[in-house]
2 protein chains.
Amino acid sequence: MIVAHVVCSYIGGMEIRHADRIADALEELVFTGQFNDGDRLDEIRLAKQFGVSRTPIREALQRLVVSGIAEQLPRRGVFVRQPGPVELMEMFETMAEIEAVCGRLAARRISDAALAELDQANRLCREAVSSHDTDAYYLENERFHHTIYAQSGNSYLAGQALRLHRRLKPFRRLQLRLRGRMAQSMAEHEEIVAALKAGDDQRAASALRDHVGIQGEKFRHLMMELRTAAE
Amino acid sequence: MIVAHVVCSYIGGMEIRHADRIADALEELVFTGQFNDGDRLDEIRLAKQFGVSRTPIREALQRLVVSGIAEQLPRRGVFVRQPGPVELMEMFETMAEIEAVCGRLAARRISDAALAELDQANRLCREAVSSHDTDAYYLENERFHHTIYAQSGNSYLAGQALRLHRRLKPFRRLQLRLRGRMAQSMAEHEEIVAALKAGDDQRAASALRDHVGIQGEKFRHLMMELRTAAE
DNA sequence: AATCATATTATTGTATACAAAAATATTGAC
DNA sequence: GTCAATATTTTTGTATACAATAATATGATT
């Protein structure tokens with residue numbers, strides 16, 4: 001019997017391979033906490049869920065494994081690997097250091113146009129703070145940091161920074177909900193721009209390291225609270 | 001007809017999945033320059049070459065794509081992506097900065113045992129230099145750097161450093177062949193250890209940044225020579 | 001001969017088939 | 001009832017089958 005199965009959908013320049021689409025979807029599901037640490041990613045269950053065969057699912061899983069989002073035990077399956085408290089703090093520290101590096105390089109390489117973009121992002125951030133628009137704040141905050149990565153003048157480094165930034169996204173979001181954190185974060189942003197404008201690389205590095213370091217601290221504090229609350 | 005195909009070999013704790021073994025093999029082939037930039041990784045050719053079907057080959061290819069070693073054009077195939085001169089210099093700069101970060105953190109966290117290990121690695125390095133044993137030098141040099149990564153006290157950061165270090169391995173090896181480079185590199189190692197012993201984080205960071213930065217410079221010089229020689 | 005349209009082939013992406021290993025259930029001995 | 005040994009089921013890993021698209025060849029037209 002010949003089954004007329006549609007292999008892929010060609011809508012615009014969108015995803016073409018099911019495996020790609022599924023890898024992205026699974027990554028998103030893991031990042032948004034739809035899966036717990038240690039959960040097995042059942043191939044046949046996912047195949048049914050996504051309406052495809054096991055083949056594209058398995059290809060997607062390979063990608064998750066290489067990304068470090070999941071772990072593969074041969075002949076046992078693929079299991080999601082959510083970072084624990086220790087690894088998370090390490091990731092925040094690494095993010096702080098990488099941002100500091102970006103800032104140090106950017107201080108000597110940044111363009112006037114990019115400085116103006118940072119100013120605008122901060123302006124929109126301030127507006128978001130006054131109107132208590134967390135989502136808008138988050139968006140402009142992201143633009144702020146991405147601009148600094150790009151202005152490091154090193155696209156490889158910028159790519160690595162983006163990767164980690166994306167990975168930490170769900171955790172960073174949490175600490176932003178803390179009372180007064182948005183306003184404090186804004187002040188830190190101003191200091192960063194001031195350092196960049198002055199072309200002071202050491203100061204820019206310190207400001208960025210502290211800014212991200214505080215995020216990690218706040219997040220750790222949140223986790224501790226959750227932990228003690230659970231006891 | 002039933003074919004008695006052996007799925008996998010269980011020799012010791014070795015590789016179990018063909019896909020894993022093939023991914024490693026392909027990565028090695030790309031790193032050692034067996035493939036040129038833009039070469040298509042032909043599924044059926046590789047399948048024949050490795051004596052397996054296309055399925056494990058394709059799973060291996062997914063891994064290469066995520067690692068950034070290859071690029072996938074939907075419906076076209078997977079192509080190896082060797083970093084060009086610009087990207088290579090960016091990678092060296094990033095490596096220098098990451099090593100500097102590791103050194104800065106290590107200066108405040110390193111153990112006496114690790115300091116002794118660095119001293120020993122340098123001693124063996126010096127011996128290798130006098131006996132012109134490039135391989136031995138390379139091995140101890142690697143141990144030196146890996147120890148510093150580990151002593152950053154941040155295993156996530158150390159992992160990232162290891163990744164990039166591994167990626168740059170074939171390129172770093174080249175510049176070591178330059179006249180007097182090994183001796184110069186040794187002196188730089190001594191300075192790094194001195195800074196770490198003194199617990200001077202700024203000095204350790206600078207020493208490591210310069211050390212790796214010089215590697216990048218030497219490599220760039222080599223590339224320029226190759227380029228002009230080709231004209 | 002050059003160019004465009006069509007036919008052919010090759011290759012990718014997915015589905016299915018099947019063997020090996022792991023997980024689970026069942027049975028039997030004590 | 002508990003534990004161990006065997007049987008059954010599930011699941012992984014790989015091979016193969018097949019449809020859709022890309023690449024190439026063929027041929028008609030000028």
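Because the structure is predicted, anything quoted here is derived from the model rather than measured. Atoms considered below: every heavy atom in the structure, side chains included; atoms not considered: hydrogens, waters and symmetry mates. Proteins come first, then strands; the chains are lettered A, B, ... in the order of their sequence lines, and each starts at number 1.
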* Asked: Are any of the side-chain heavy atoms of L124(A) and Q120(A) separated by less than 4.5 Å?
  ->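 In short, these two side chains touch, coming nearer than 4.5 Å.
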* Between P83(A) and Y156(B), is any pair of side-chain heavy atoms under 4.5 Å apart? ->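 Heavy-atom side-chain distance check fails, nothing below 4.5 Å.
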Contact list (N/O, under 3.5 angstrom) for nucleotides 6-11 of chain C vs protein:
unit_1  : atom_1 : unit_2 : atom_2 : d
dT11(C) : O3'    : R40(B) : NH1    : 3.4

Spacing between [X] atom [atom1] and [N] atom [atom2], to the nearest angstrom:
X: R58(B); N: dC18(D); atom1: CZ; atom2: P; value: 18 Å
X: F50(A); N: dA15(C); atom1: CZ; atom2: P; value: 13 Å
X: L46(B); N: dA15(D); atom1: CG; atom2: P; value: 14 Å
X: L73(A); N: dA21(C); atom1: CG; atom2: P; value: 17 Å
X: R54(B); N: dC18(D); atom1: CZ; atom2: P; value: 14 Å
X: E59(B); N: dG13(C); atom1: CD; atom2: C1'; value: 13 Å
X: H18(A); N: dT16(C); atom1: NE2; atom2: P; value: 13 Å
X: I57(B); N: dT12(C); atom1: CD1; atom2: P; value: 12 Å

* To do: Kindly say if S53(A) contacts the phosphate of dA15(C), meaning a side-chain N or O under 4.0 Å from OP1 or OP2.
  =>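 Answer yes for this pair, as a side-chain N or O of S53(A) is under 4.0 Å from OP1 or OP2.
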* So, is Q72(A) close to the dG13(D) phosphate, meaning a side-chain N or O under 4.0 Å from OP1 or OP2? -> yes
* Please determine which of H189(A), E117(A), E127(A), R143(A) meets the side-chain hydrogen bond (donor to acceptor under 3.5 Å, both in side chains) test together with N122(A). => H189(A)
* Structure fact -> Among the nucleotides dA15(C), dA15(D), dG13(D), whichever has the atom closest to the side chain of T55(B) is dA15(D)
* **Partner of E27(A) under salt bridge (charged side-chain N to carboxylate O under 4.0 Å, His left out), chosen from R166(A), R63(A), R167(A)** =>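 Passing option: R166(A).
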* Ionic contact status for E99(B) with R172(B), cut-off 4.0 Å -> no
* To do: Walk me through it: do R54(B) and D42(B) pass the test salt bridge (Lys or Arg N to Asp or Glu O under 4.0 Å)?
  => CA-CA 10 Å; R54(B) 279 174 56 220; D42(B) 191 286; over 6 Å; no
* Asked: Taking the six-membered ring for Trp, is the centroid-to-centroid distance between F50(A) and H18(A) below 6.0 Å?
  ->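 Ring centroids of F50(A) and H18(A) are no less than 6.0 Å from each other.
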